[in-house]
Trainee: 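Please find one structure pasted underneath; my questions will follow.
It should be emphasised that the depicted structure is a prediction, and the values quoted were computed from it without experimental measurement.
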Amino acid sequence: MSTDRFTNWRTSTYTGEGNCVEVGHGPGFVGIRDTKDRGGGTLVVEQKSFAAFLARSKSGGFRPKYR
């Protein structure tokens, strides 16, 4: 998929000095790229998969479980 189909690129509100990623939306997909190297490549994932990743991240689902 061509990355020129992604629009509305946004960075996290937690971005400090540009050390973050940008997320852009395309038809059925989400593009993820480095803010400091926009031409270096774009990771493309399905919107449903990205939404599930965000939901799990927000719920703390990726934190290690210590016993």
Trainee: Ignoring hydrogens and angles, tell me if any N or O in the side chain of Q47 forms a donor-acceptor pair with the backbone of P27 under 3.5 Å.
Mentor: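 No.
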Trainee: Enter the distance from D34:CG to L43:CG here, rounded to the nearest 0.5 Å.
Mentor: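 Answer rounded to 0.5 Å: 12.0 Å.
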Trainee: For a quick test of reading the model, state the closest non-hydrogen atom pair linking F50 to V45 and the distance between them.
Mentor: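 Nearest pair, atom of F50 first, then V45: CB-CG2, 3.9 Å.
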Trainee: For F6 and V23: C-alpha separation, side-chain torsions, deciding distance, then whether side-chain contact (heavy atoms from CB on, under 4.5 Å) applies.
Mentor: CA-CA 9 Å; F6 293 103; V23 177; over 6 Å; no
Trainee: So, R33 side chain and E22 main chain: donor-acceptor pair closer than 3.5 Å or not?
Mentor: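 Not confirmed, R33 side chain does not pair with E22 backbone.
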Trainee: Does any N or O in the side chain of T35 come within less than 3.5 Å of the main-chain N or O of V21, such that one atom is a donor and the other an acceptor?
Mentor: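 No, the answer is negative, given that no donor and acceptor are paired below the 3.5 Å cut-off.
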Trainee: Any side-chain heavy atom of R56 within less than 4.5 Å of one from F62?
Mentor: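 Answer yes - side chains close enough.
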